[in-house]
Amino acid sequence: MTNLIRIENISAHADQEVKIRGWVYNRTRKGKLVFLLVRDGYGFVQCVAFKGDLPEEIFEEIVRLTQESSVEIKGQVRADDRAPGIPGGFEIGITDIKVIQVADDEYPMSLKEHGTDFALENRHLWLRMPSQWAILRIRSTVVSAIREWLDDNGYINMDTPILTPAAAEGTTTLFGTPYFDEGTAYLAQTGQLYNEANIYAFQKVYCFGPTFRAEKSKTRRHLTEFWMVEPEVAFCDLDGIMEVEEQFVSHIVKRVLEDRAPELASLERDTTALEKVTPPFPRISYDKAVEMIAEIREQTDDPEEKALLAFEWGEDFGAPHETALTKQFEKPVFVYGYPTQVKAFYMEPWPDRPEVCKSVDLLAPEGYGEIIGGSERISDPEMLLQRIREHELPEEAYKWYMELRQFGSVPHSGFGLGVERTVTWMCGIHHIRETIPFPRTINRVYP
RNA sequence: UCCUCGGUAGCUCAAUGGCAGAGCGGGCGGCUGUUAACCGCUAGGUUGUAAGUUCGAAUCUUACCCGAGGAGCCA
């Protein structure tokens with residue numbers, strides 16, 4: 001019985017007869033010699049058939065294979081530097097083949113470049129391409145590294161509701177759906193408020209699930225449905241949560257570098273940039289960041305960039321500001337102490353400086369920008385009530401949230417990390433849409 | 001919602017007022033080391049839609065539809 005292997009482990013099977021099951025990704029026919037590039041879901045490997053080595057009918061069957069045909073191949077593994085693939089460096093000399101299906105010859109995905117629209121319209125097939133395969137394998141590792149670190153550091157996974165009664169943060173647009181006799185329910189855009197309840201039972205918690213934002217954002221950094229992990233920690237102030245974040249993010253990067261080296265290589269990701277991601281991360285205040293942006297703006301001669309970088313204290317940073325700022329650093333950088341007026345109602349004011357709050361964003365380097373938003377939450381009941389009134393939020397809807405401050409209130413902090421933005425940065429790619437299997441954007445819900 | 005760019009063969013694109021083309025992909029043939037192989041032959045078109053200008057429109061004008069990038073907002 002020949003050993004069924006995964007292509008990712010092929011180096012452990014050098015000079016053995018093995019079996020793989022997969023699909024023909026590409027083929028090159030050279031008369032008496034045929035090269036098949038076969039993928040099995042775990043990797044890509046070149047398989048070679050030579051007419052003289054095989055029975056006539058087997059060779060003819062190989063010649064007739066179309067792209068994406070499903071096959072079971074038996075053969076001899078041998079090291080060969082010429083062999084393409086992921087991981088590559090090994091090929092299989094075919095001794096036998098079982099064709100499961102000869103794929104229709106009108107497979108629409110070319111091995112050459114595609115426009116974004118065509119690629120997204122064919123996302124169900126695009127997933128098979130090496131670039132998309134590599135990105136989504138990295139995504140999976142990011143997700144498990146997230147859970148691994150939190151689970152190993154005393155965090156309890158508490159999944160928060162996706163159907164929620166009202167806006168948690170008030171400002172952004174929500175997706176609504178009819179909900180029996182209760183009127184409209186809204187798809188969650190954060191689990192944070194629920195997690196603030198959960199910490200009083202479990203001390204350190206996280207929720208991890210899809211998040212929905214009906215914003216009309218048409219940029220390469222936005223999806224209407226994306227995944228966010230939100231840790232929340234009791235007895236933790238702003239400095240404490242920054243320490244958590246840098247340990248957490250560094251672990252994710254480390255795990256990806258260890259487990260997904262072939263995928264990073266196939267994406268031509270410069271891993272030296274990722275290797276620098278170790279604690280501590282630089283911390284700069286919003287005030288300082290404003291100064292730095294003004295300085296960068298001063299130094300640029302490009303009138304377009306000068307206009308984009310125009311800024312006044314009190315505003316929130318836009319993408320151009322974040323990009324310019326993060327290019328000054330090799331590691332992710334914390335920006336803390338944003339103006340209270342641009343942040344959510346629940347953020348703890350800075351002592352003796354109420355115009356700023358104890359908020360902190362983590363901006364990924366190389367121009368990628370915000371991947372985490374977090375803060376210390378208001379723990380004082382009077383202060384919270386005052387803020388809810390200032391923001392003209394319905395007090396009745398926040399009754400339970402305010403009760404949390406009546407019974408054993410403690411300083412606590414938390415943050416939300418956007419999975420797709422993190423994966424975009426890890427992979428060094430341009431579009432967030434490639435980092436989720438089936439992206440949902442403002443004008444796409446197919447496939 | 002606003003700004004910019006785009007829509008021509010299955011895909012990626014060329015043709016800037018005068019015969020609608022190339023490469024890839026498909027089909028047929030050739031080749032024992034290909035790396036997005038290569039070589040020869042071949043099929044493949046309502047140029048996003050509608051109207052207009054013109055002897056003549058893929059090309060110019062207007063409206064609309066669709067998409068992309070960016071702004072705002074955010075992870």
Side-chain angles (χ1 to χ4, degrees), chain A residues 25-37 44 46-53 59 63-64 66-68 78 80-85 88 91 93 103-122 125-126 129-131 169-173 189-190 192 210-230 304 307-308 310 315-323 342-344 361-364 368-374 415-425 430-433 435-436 441-444:
Chain A
Y25 175 67
N26 195 10
R27 65 228 142 89
T28 304
R29 285 169 292 197
K30 286 187 53 67
K32 294 184 179 124
L33 188 62
V34 176
F35 297 97
L36 299 179
L37 192 59
F44 291 69
Q46 173 166 280
C47 301
V48 188
F50 176 51
K51 190 172 188 176
D53 295 343
F59 187 78
V63 167
R64 281 197 302 271
T66 52
Q67 186 185 352
E68 295 304 316
R78 53 187 181 237
D80 192 319
D81 289 341
R82 294 170 297 184
E91 65 181 21
D104 191 300
D105 59 28
E106 287 181 9
Y107 187 64
M109 299 303 285
S110 143
L111 300 183
K112 295 202 172 190
E113 292 298 311
H114 287 292
T116 313
D117 185 41
F118 180 84
L120 288 172
E121 195 69 16
N122 291 278
L125 304 175
W126 190 25
M129 308 288 283
S131 61
E169 299 190 24
T171 52
T172 34
T173 322
Q189 45 181 329
T190 173
Q192 180 206 318
T211 299
F212 306 90
R213 305 241 169 129
E215 295 158 359
K216 291 187 177 174
S217 298
K218 277 179 68 173
T219 84
R220 62 170 190 265
R221 298 178 309 282
H222 287 88
L223 297 167
T224 54
E225 178 182 311
F226 64 96
W227 284 66
M228 185 159 72
V229 58
E230 295 178 276
E304 199 178 330
L308 279 172
E315 296 174 334
D316 203 353
F317 298 128
H321 309 110
E322 287 183 2
T323 301
V342 299
K343 288 292 179 182
D361 286 356
L362 184 67
L363 311 182
Y368 279 95
E370 184 176 358
I371 54 170
I372 285 181
F415 63 92
L417 174 134
V419 169
E420 289 77 14
R421 284 189 180 178
T422 304
V423 175
T424 306
W425 165 48
H430 198 63
H431 292 87
I432 196 171
R433 292 173 174 84
T435 64
I436 187 166
T441 58
I442 175 170
N443 37 27
R444 181 175 297 284

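Just the heavy atoms: all of them, side chains too, but no hydrogens, waters or symmetry mates, feed the values below. Numbers restart at 1 for each chain; the letters A, B, ... are given by sequence-line order, proteins then strands.
Between the C1' atoms of A50(B) and G7(B), the separation comes to 16 Å (whole Å). Here, A20(B) and G27(B) have their P atoms 29 Å apart, quoted to the whole Å. If you take atom P in A43(B) and the same atom in G10(B), they sit 16 Å apart, rounded to whole Å.
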Pull out every protein N or O sitting under 3.5 Å from an N or O of nucleotides 25-29 of chain B, one pair per line with the distance.
residue	atom	partner	partner atom	Å
G26(B)	OP1	Arg27(A)	NH2	2.5

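Heavy atoms of Arg444(A) sit nowhere under 4.0 angstrom from any nucleic acid atom. Counting non-hydrogen atoms under 4.0 angstrom, Glu315(A) reaches nothing in the nucleic acid. At a threshold of 4.0 angstrom between heavy atoms, the contacts of Phe226(A) include nucleobase atoms, whether or not backbone atoms are also involved.
C11(B) is paired with G23(B) under the criterion used here, namely a Watson-Crick or G-U wobble arrangement in which both key atom distances are under 3.5 Å. Using the Watson-Crick or G-U wobble rule with both distances under 3.5 Å, G17(B) pairs with nothing in any strand shown. Here U1(B) sits opposite A71(B) as a Watson-Crick or G-U wobble pair (both hydrogen-bonding atom distances under 3.5 Å). Nucleotide G52(B) forms a pair with C60(B), judged by Watson-Crick or G-U wobble geometry with both contacts under 3.5 Å. Base pairing of U34(B): no nucleotide in any strand meets the Watson-Crick or G-U wobble criterion (both distances under 3.5 Å).
Remark: the backbone N or O of Ile432(A) is not paired with any side-chain donor or acceptor of Glu420(A) at under 3.5 angstrom. With hydrogens and angles disregarded, a donor-acceptor distance shorter than 3.5 Å links the side chain of Arg213(A) to the backbone of Gln189(A).
Phosphate contact (OP1/OP2 of U1(B), side-chain N/O of Lys216(A), threshold under 4.0 Å): present. In this structure, His431(A) reaches the G69(B) phosphate: one of its side-chain N or O atoms is under 4.0 Å from OP1 or OP2. Taking side-chain N and O atoms only, Asn443(A) has a distance below 4.0 Å to OP1 or OP2 of G67(B).
Every residue meeting the salt bridge (Lys or Arg N to Asp or Glu O under 4.0 Å) condition with Asp117(A), not counting sequence neighbours, appears here in chain and number order: Arg444(A).
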CA sep, side-chain torsions, deciding dist, call: Arg78(A), Asp80(A), salt bridge (charged side-chain N to carboxylate O under 4.0 Å, His left out): CA-CA 6 Å; Arg78(A) 53 187 181 237; Asp80(A) 192 319; 5.4 Å; no

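For the pair Leu362(A) and Thr28(A), both in contact range of RNA chain B, the more 5′-proximal nearest nucleotide belongs to Thr28(A).
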